[in-house]
Asks: 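Dropping a structure here in structure tokens format, bear with me for questions.
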There are 2 protein chains.
Amino acid sequence: MDPPSPEDPGRTSGYTLADFSMFAVAVDVVLMSIQQRELRILLVQRGTPPYRGGWALPGGLVMKSEPLEEAAQRVVYEQSGIVFRQGHLEQVGAYGDPQRDPRTRVVTVAFWAVAPQSSHPCLDSGSAGPGAPAYLEFVPVPEIESGRLKLAFDHAHIVADTLERVRANLETTTLARRFCPDEFTISQLREVYEAVWGGPLDAANFQRRILQSEGFVSPLEKWRRPAGRGGRPARLWQADDGHKRLSRPFPAPWRGRS
Amino acid sequence: MDPPSPEDPGRTSGYTLADFSMFAVAVDVVLMSIQQRELRILLVQRGTPPYRGGWALPGGLVMKSEPLEEAAQRVVYEQSGIVFRQGHLEQVGAYGDPQRDPRTRVVTVAFWAVAPQSSHPCLDSGSAGPGAPAYLEFVPVPEIESGRLKLAFDHAHIVADTLERVRANLETTTLARRFCPDEFTISQLREVYEAVWGGPLDAANFQRRILQSEGFVSPLEKWRRPAGRGGRPARLWQADDGHKRLSRPFPAPWRGRS
DNA sequence: GCAAAAGTGTTTAAAATACACCCATGC
DNA sequence: GCATGGGTGTATTTTAAACACTTTTGC
């Protein structure tokens with residue numbers, strides 16, 4: 001909208017009720033998982049037009065009296081069979097460009113969530129209705145960010161915004177714990193940072209830095225046996241309560257310093 | 001939604017088209033301004049039910065083919081006469097609780113923006129239709145955060161989320177420049193930080209820290225005469241291009257350190 | 001001259017970085 | 001023993017914080 005000229009007689013005049021229509025409201029979910037030390041995002045191959053055969057985020061329309069968060073959990077379950085924790089769901093934002101869906105105007109609310117590590121997506125054999133995906137898998141983030149994979153709608157935009165948010169939040173909050181099981185080692189936590197930031201961290205300094213942050217992790221009197229070809233047993237830790245902002249940001253080497 | 005039981009025969013069965021309805025979509029805007037060294041937010045006193053007479057954020061329904069950002073600019077202009085820059089508009093998120101509006105289900109997309117310092121809101125004498133506010137003013141943030149002022153709908157929640165975001169972004173981005181005019185002094189920039197964070201900063205250390213951050217400000221060969229009872233003239237600076245993430249976060253004393 | 005605001009210098013404390021080194025295990 | 005991963009110690013560099021001090025103006 002051009003800045004309206006101040007000499008307009010009445011600023012709210014000129015509209016009729018027909019100008020204000022109802023909208024289709026949808027949710028799209030960026031479901032993340034770390035597998036083989038790589039950050040991955042669940043993508044579905046669309047079984048119906050538009051963008052039939054193209055890659056997209058799991059998503060769908062919100063029901064009449066359904067909270068947005070519940071819709072996000074529902075569509076992920078319907079399309080992949082994956083159930084994730086309520087606390088591990090966070091909003092990215094609303095995407096409402098009038099042209100974003102070629103069929104009709106849709107405002108979509110994007111969420112991101114963490115899938116349990118063990119979870120593997122599976123198609124719903126019982127239903128192949130509209131919206132049912134043809135195929136789905138956890139795709140490594142580098143493959144998506146390279147641009148080789150074309151995503152439907154504005155989903156590339158949604159993914160980019162989400163990754164920026166998640167990477168930034170790793171610096172300033174205790175978010176990394178969400179990617180870990182209930183009991184975890186400091187190395188597992190470090191692998192989260194390395195997978196999301198996409199680069200190695202000094203294990204010694206990482207350990208100290210985490211333990212210095214109050215309210216991040218608490219020690220357990222348990223140890224994990226070394227896997228593979230040996231190594232000292234690692235102490236297990238549990239997450240402290242709540243999703244907190246760190247008192248001091250966690251230093252991120254992945255961004256060029258001035 | 002409870003986690004659905006895995007033995008459900010078909011995950012997508014059981015819905016009919018009637019379950020997916022159309023929604024009213026609105027925008028609400030947290031318009032900020034620094035006046036008398038205080039951060040303030042534009043609030044309108046509602047002229048129509050619900051919450052008639054209560055305080056609320058400027059907002060309204062989105063039109064059929066209107067981008068969300070344009071709707072945000074439009075409703076602020078209609079309700080206050082204030083026009084702000086496109087670049088100074090950022091989304092906070094979508095708020096879609098089924099009970100958030102007592103009349104019908106409304107999904108609102110919240111934005112925050114910066115008003116030019118000189119701008120003062122005025123009612124639209126030409127129109128008193130539905131949605132036209134009865135009164136409006138820039139209310140100091142401490143007054144809102146104290147809880148003495150009750151806000152309509154979930155607007156207290158929107159304001160809280162916005163303030164958290166803006167305060168955090170001052171640390172990690174060059175956001176503060178948006179609150180300044182085209183040419184400004186380092187003290188003016190510091191006053192932005194002090195108003196938003198709500199506490200004093202060391203002027204000497206602040207100056208150095210800003211100048212060390214590449215891509216924040218560029219010097220002009222201009223100086224501002226001291227106001228009031230004297231003082232050394234201050235150099236004027238201009239904002240470097242774009243809204244950038246700082247290479248190193250700006251230290252915030254307002255958050256307790258561990 | 002004196003007060004006020006802008007801006008620089010200097011000292012001290014704290015934090016990040018790099019990396020050497022010890023610990024406990026599997027084979 | 002040796003490789004492997006867990007974990008601690010320590011020297012070095014970088015950054016933040018506190019505040020003394022100089023500069024340039026208005027009155």
Side-chain angles (χ1 to χ4, degrees), chain A residues 37 170-172 180 183-195 197 199-214 216-237 246-258, chain B residues 37 170-172 180 183-194 197 199-214 216-238 246-258:
Chain A
R37 295 190 163 227
L170 227 45
E171 282 186 273
T172 53
C180 293
E183 303 183 344
F184 53 89
T185 66
I186 300 295
S187 325
Q188 284 179 286
L189 193 63
R190 178 164 44 84
E191 282 165 19
V192 171
Y193 278 87
E194 291 175 334
W197 281 347
L201 294 174
D202 183 295
N205 294 332
F206 180 87
Q207 174 121 352
R208 237 180 324 237
R209 189 61 191 73
I210 294 293
L211 301 188
Q212 277 170 12
S213 300
E214 283 178 34
F216 207 146
V217 294
S218 297
L220 297 167
E221 291 304 313
K222 295 181 181 179
W223 282 262
R224 189 189 66 174
R225 284 296 169 101
R229 299 167 297 282
R232 175 172 165 178
R235 184 191 272 271
L236 288 169
W237 303 75
L246 294 172
S247 56
R248 206 172 339 126
F250 193 94
W254 58 277
R255 183 162 32 237
R257 310 222 150 193
S258 64
Chain B
R37 296 191 162 226
L170 271 196
E171 283 187 273
T172 53
C180 293
E183 302 183 345
F184 54 89
T185 66
I186 299 294
S187 325
Q188 282 179 286
L189 194 63
R190 177 163 45 84
E191 283 165 18
V192 171
Y193 278 86
E194 292 176 334
W197 281 347
L201 293 174
D202 183 294
N205 293 332
F206 180 86
Q207 174 120 355
R208 236 182 322 238
R209 189 63 190 74
I210 293 293
L211 269 39
Q212 277 170 11
S213 301
E214 283 177 35
F216 208 147
V217 295
S218 296
L220 296 168
E221 291 304 312
K222 296 181 180 178
W223 282 262
R224 188 190 67 174
R225 284 297 169 101
R229 299 167 298 282
R232 176 171 167 178
R235 185 191 270 274
L236 288 170
W237 303 75
Q238 66 184 358
L246 295 171
S247 56
R248 205 169 343 119
F250 193 95
W254 59 278
R255 182 160 35 237
R257 308 225 151 191
S258 63

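Residue numbering restarts at 1 for every chain, and letters A, B, ... go by the order of the sequence lines.
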Asks: Select from A/Trp223 and B/Pro226 the residue whose nearest nucleotide in DNA chain D is closer to the 5' end of that strand.
Replies: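 This one resolves to A/Trp223.
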Asks: By the 4.0 Å heavy-atom rule, please label B/Thr185 as base, sugar-phosphate, or nothing.
Replies: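 Nothing, no nucleic acid heavy atom in range.
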Asks: When you get a sec, tell me which of C/dC23, C/dG7, D/dA18 is the closest nucleotide to the side chain of A/Arg232?
Replies: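 The closest nucleotide is C/dC23.
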Asks: On DNA chain C, nearest-nucleotide positions of A/Asn205 versus B/Arg224: which is more 5'?
Replies: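 Whichever sits nearer the 5' end wins; that is B/Arg224.
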Asks: Rounded to whole Å, how long is the line connecting atom CD1 of A/Ile210 with atom P of D/dG6?
Replies: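 So the CD1-P distance, A/Ile210 to D/dG6, works out to 14 Å.
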Asks: Where the side chain of A/Pro233 is defined as all heavy atoms beyond and including C-beta, which of D/dG6, C/dT25, D/dT23 is the nearest nucleotide?
Replies: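 So the nucleotide nearest the side chain must be C/dT25.
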Asks: Could you give the distance from CZ (B/Arg209) to CZ (B/Phe216), rounded to the nearest 0.5 Å?
Replies: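 If I round to the nearest 0.5 Å, the distance is 9.0 Å.
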Asks: When you get a sec, tell me which of D/dA17, C/dA16, C/dA5 is the closest nucleotide to the side chain of B/Pro251?
Replies: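 My answer, after comparing the listed nucleotides, is D/dA17.
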Asks: Would you indicate what B/Arg208 reaches in the nucleic acid, counting non-hydrogen atoms under 4.0 angstrom: base, sugar-phosphate, or nothing?
Replies: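 Base contact.
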Asks: Under 4.0 angstrom, heavy atoms only, what part of the nucleic acid is A/Ala204 near: base, sugar-phosphate, or nothing?
Replies: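 Touches a base.
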Asks: Give the rounded distance in Å between these two atoms: CD of B/Gln212 and P of C/dG9.
Replies: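 Taking atom P of C/dG9 as the reference, CD of B/Gln212 is at 13 Å.
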Asks: Of the nucleotides C/dG7, D/dA18, C/dG26, which one has an atom closest to the side chain of B/Asp202?
Replies: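 Nearest nucleotide to the side chain: D/dA18.
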Asks: Quick one: B/Leu246 CG to D/dA16 P, roughly how many Å, whole number?
Replies: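 Result: 11 Å.
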